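Reading through the structure tokens given below for one structure.
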Protein chains: 2
Amino acid sequence: MIFHIVPNTLEGLGFVPVRRRKKTGKSERLVTSFISTYENKVDRKGRVSVPAAYRSVLGTESYQGVIAYPSITHSVIEAFGRGMLDDLNQRKFNQTLDGGDFTQALIGRSDDGLVETVMAISSELPFDGEGRIILPARLIKHAGITDRATFVGRGTRFQVWAPGVYEKHQAAEVEALRAKLSGGGTL
Amino acid sequence: MIFHIVPNTLEGLGFVPVRRRKKTGKSERLVTSFISTYENKVDRKGRVSVPAAYRSVLGTESYQGVIAYPSITHSVIEAFGRGMLDDLNQRKFNQTLDGGDFTQALIGRSDDGLVETVMAISSELPFDGEGRIILPARLIKHAGITDRATFVGRGTRFQVWAPGVYEKHQAAEVEALRAKLSGGGTL
DNA sequence: TTGACTCCCATAGATACCCATGATATTCCA
DNA sequence: TGGAATATCATGGGTATCTATGGGAGTCAA
């Protein structure tokens, strides 16, 4: 008997806001998350086009650009929209308040300190008129990027890799998944 | 993430792909899952018509198109509606944040990495005005598709095969079932 | 002045949108 | 009930638009 693994019943939880973007006047397109991978060129000025599909995810955010920081665990740049950043802050704020720990909320010190750390090492990267960003030297170096960059969608956020590094990482990732499914499932 | 393991549907037993459109009564309007098999042409621009019956399944979704990724276990393209993808994301996002696990949300490490990986290897394939999609070169190659494609309904999702590859796969699938049932069971 | 950065324009190729056609199904009415 | 008018679908092709990319001009600060 062949088995397929499928997600259980799906009902929208309505958390991630649905954003509308007008295309050529006639049809509207709805995009809500970062998916797929794209490889773009880094020009001599250090500019890279953020894939149009990703930009459309951020389409209606007031701040036209992305937040990026070096991954703490891998040679890769993590990135997302300002909305995500605000949401993280808000949730963290609410969590500390709900727990009655006003000191934490006010002084801004928590046990893990991760959110604070990320805030500290993050950069705001605004789009230019053509939807490009300039990767700061610090991030370029961290990811080992030279003249090309691979954009990898991760749903609520995306990553920027050096193509070669990503290739290896991706192969390992898929292999791990395959091993996990070796019990007879298909994916 | 929660998964249910369900048996593969058996609609394919001795099933021959329909070349021409099926008789579509009004009852088919009510179909809510992907069933049956169709073989369509891939034109010079790489476009394929998604069977109308499948499109009607997605009819109520705001985004008009499908999400597709290369199966990691077979030479086939897996596809499903946008709603399922968003739901996967939201569940994962809420789950990690609600549990206060900012590490997972930011660094993106989950237990299995399934959602992460699927997001990265998935492509968003919007319908054109005629209900066609363009199969990306990456997926075409993975499935070994040339000028024709076989759409196979699998309930909550569907697959796109190279016709020849599917024929063999299907024969093996049926044969395995037959062997299993040869003890006297009926189907 | 130099260097870093932003804004603006140009362009080739990819993509989306539009219209057309033949085949088949369905509706509707004499 | 037969058949003409209408609707749906898969398919093909032309064209306008968008995207990624390159480069130049203007601004600002040291």
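Only this structure's heavy atoms are used, side chains among them; waters, hydrogens and symmetry mates stay out. A, B, ... follow the sequence lines: proteins, then strands. Residue 1 opens every chain. Just so it is clear, the model here is predicted, and its values are computed rather than measured.
The shortest side-chain heavy-atom distance between E78(A) and V118(A) does not fall under the 4.5 Å cut-off. Between F34(B) and L58(B) the shortest side-chain heavy-atom distance falls below 4.5 Å. Side-chain contact between I77(A) and Y69(A): absent, with no pair of heavy atoms (C-beta onward) separated by less than 4.5 Å. Looking at E124(B) and I67(B), their side chains come closer than 4.5 Å, going by heavy atoms from C-beta outward.
Within residues 37-47 of chain A, the residues that place at least one heavy atom under 4.0 Å from DNA chain D are, in residue-number order, N40(A), K41(A), D43(A), R44(A), K45(A), R47(A). Contacts between residues 140-152 of chain A and DNA chain D, counted as heavy-atom distances below 4.0 Å, involve no residue at all. Residues from residues 120-129 of chain A placing a heavy atom under 4.0 Å of any atom in DNA chain D do not occur.
Remark: K45(A) pairs with D43(A), R47(A) by the side chain to side chain contact (heavy atoms under 4.5 Å, CB included) rule, at least two apart or across chains.
Taking the ring centroids of F80(B) and F158(B), they lie at or beyond the 6.0 Å cut-off.
Distance alone, capped at 3.5 Å, is enough to place a donor-acceptor pair between the Y54(A) side chain and the G153(A) backbone.
The terminal axes of the helix from dT1(C)-dA30(D) to dA30(C)-dT1(D), fitted over 5 pairs per end, subtend an angle of 40° to the nearest 10°.
With hydrogens and angles ignored, no donor-acceptor pair closer than 3.5 Å exists between the side chain of E130(A) and the base of dC7(C).
Counting non-hydrogen atoms of other residues, nucleotides and ligands closer than 6.0 Å to CD of E167(B) gives a total of 12 or fewer.
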Pair E116(B), R157(A) - check salt bridge (charged side-chain N to carboxylate O under 4.0 Å, His left out), show working. CA-CA 10 Å; E116(B) 295 275 318; R157(A) 69 206 154 79; 2.9 Å; yes
For this session: May I have the step-by-step check of side-chain hydrogen bond (donor to acceptor under 3.5 Å, both in side chains) for R82(B) and S33(A), ending in yes or no?
Result: CA-CA 10 Å; R82(B) 171 93 221 179; S33(A) 47; 2.7 Å; yes
Would you check, one step at a time, whether the test salt bridge (charged side-chain N to carboxylate O under 4.0 Å, His left out) holds for E175(B) with K168(B)?
CA-CA 10 Å; E175(B) 190 43 52; K168(B) 287 193 189 112; over 6 Å; no
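Under a 4.0 Å N-O distance rule, the pair K180(B)/E173(B) does not qualify as a salt bridge.
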Enumerate, atom names and distances included, each donor-acceptor pair closer than 3.5 Å involving a side-chain atom of residues 125-147 of chain B, sequence neighbours excluded.
unit_1: D128(B); atom_1: OD1; unit_2: E130(B); atom_2: N; d: 2.8
unit_1: D128(B); atom_1: OD1; unit_2: G131(B); atom_2: N; d: 3.1
unit_1: D128(B); atom_1: OD1; unit_2: R132(B); atom_2: N; d: 2.9
unit_1: D128(B); atom_1: OD2; unit_2: R132(B); atom_2: NE; d: 3.0
unit_1: D128(B); atom_1: OD2; unit_2: R132(B); atom_2: NH2; d: 3.4
unit_1: E130(B); atom_1: OE1; unit_2: R132(B); atom_2: NH2; d: 3.3
unit_1: R138(B); atom_1: NH1; unit_2: T37(A); atom_2: OG1; d: 3.0
unit_1: R138(B); atom_1: NH2; unit_2: T37(A); atom_2: O; d: 3.3
unit_1: H142(B); atom_1: NE2; unit_2: S71(B); atom_2: O; d: 2.9
unit_1: H142(B); atom_1: NE2; unit_2: H74(B); atom_2: O; d: 2.9

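Atom pair Q64(B):CD and dA16(C):P shows a separation of 15 Å (rounding to whole Å applied). Between R55(A) atom CZ and dT21(D) atom P the separation is 11 Å, expressed in whole Å.
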